[in-house]
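Bear in mind that the values here come from a model prediction, so they are computed numbers and not experimental data.
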Amino acid sequence: MSGVSLPVNRPTGRAIVVGNAGCRGSVVQTLRGLGYQSTEADDPYSAAAELSRRSMTYRAMILCLNSLYREELSFVASIKHRYPHIDIWLSQTDGRAAALAEALRLGADGLLSDDGPHRFAISENTQAPNPPSQTAPQPHPKVSVKVFAEAPIADPVLTADELRALLQEPARPADSHEK
C-alpha cells in the first residue's frame, strides 16, 4: 500500500459581503482566495433577510464600513445575538475610526484585510473574570426601554352593574337563586 496524500480543496464556508458594489469587489476576491463562497448584499437589511432564510449555511459576514451609516451598526449586535455562529468581519475601515470602535463595542470579531481575517484581541477583563467571592456582583447596565403595559390588576375596577350602566345596557333580571 502506497502512502499518497492528495490535497483536498474544500470550501471554507459561505460568507455574506455587505456593502456597495465598488466596495464588495476586492472583498469577494480576498474571500475567494481564502476558499469562501460569497453572497453579496447592498445593505444590512437585505443581508438580514438572507440570513433569516438560510442562517445555517453561512459562517461569516463581512461589513464594508465605507458603505454603512453609523446608525446601521446596531445590526452587528443583532446578528451576534440571533446568530452566534456567524463571525462578523469589518473591511474598508480607512477614515472610519468611530464606526470601527462602535462595531467592536457591538461585537464584531475582527478585520478582514487583503491577507485574510485578523481577530480582535480579547481584553483580560472579558477573558478571565474574577471569582464571585472576591468582588461584588456588577449592577446590570441601564437599558432604555419604554414599557407600555402596566402590571395586571387583581380586582376588577367596575362591577358588572356599573359596566352595564356605562354601556347603557338594560340590567339583567335577578335570578331567584341569587341573593
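- Put simply, the side chain of Phe75 does not reach to within 4.5 Å of the side chain of Leu106, judged on heavy atoms.
- Using a distance-only test at 3.5 Å, with no hydrogens or angles considered, a donor-acceptor pair links the side chain of His85 to the main chain of Ser55.
- Distance CG/Leu104 to OG1/Thr93: 12.0 Å, rounded to 0.5 Å.
- A side-chain donor-acceptor contact under 3.5 Å links Thr39 and Arg14.
- Smallest separation of non-hydrogen atoms from Ser113 and Thr30: O-CG2, 3.4 Å.
- In this structure, the side chains of Ser26 and Gln92 come closer than 4.5 Å at one or more pairs of heavy atoms.
- Contact detail for Ala41 and Arg24: the closest heavy-atom pair is O-NH1, 3.4 Å.
- Between atom CG of residue Asn66 and atom OG of residue Ser91 there is a gap of 8.0 Å, rounded to the nearest 0.5 Å.
- The main-chain N or O of Ala99 is never found under 3.5 Å from a side-chain atom of Arg70 such that the two would form a donor-acceptor pair.
- Contact check for Ser52 versus Tyr83: side-chain heavy atoms found under the 4.5 Å cut-off.
- For the side-chain contact (heavy atoms from CB on, under 4.5 Å) criterion with Pro117, the lone passing option out of Leu31, Asp87, Leu34 is Leu34.
- Listed for the Lys80 side chain is a donor-acceptor partner under 3.5 Å among the backbone atoms of Ile86.
- At a threshold of 4.5 Å between non-hydrogen side-chain atoms, the residues Ile16 and Leu51 count as touching.
- Tyr58 and Arg54 are linked by a side-chain donor-acceptor pair at a separation below 3.5 angstrom, with hydrogens and angles left out of the test.
- Here the side chains of His118 and Trp89 are not in contact, with every heavy-atom distance at 4.5 Å or above.
- Looking at Leu68 and Arg96, their side chains never come closer than 4.5 Å, going by heavy atoms from C-beta outward.
- Minimum interatomic distance between Val76 and Ala103 (heavy atoms only, all atoms of both residues): CG1-O, 4.0 Å.
- Leu111 has its side chain within reach of Phe120: a pair of non-hydrogen atoms, C-beta onward, lies under 4.5 Å apart.
- Between Arg32 and Gln37 there is no side-chain heavy-atom pair separated by less than 4.5 Å.
- Once rounded to the nearest 0.5 Å, the distance linking CD of Glu72 with OG of Ser78 reads 12.0 Å.
- Screening Asp114, Leu112, Val18 for a side-chain contact (heavy atoms from CB on, under 4.5 Å) involving Val27 leaves a single residue, Leu112.
- The CG atom of Leu73 sits 9.5 Å away from the CZ atom of Arg105 when rounded to the nearest 0.5 Å.
- Atom CD of Glu40 is separated from atom CD of Glu50 by 12.0 Å, given to the nearest 0.5 angstrom.
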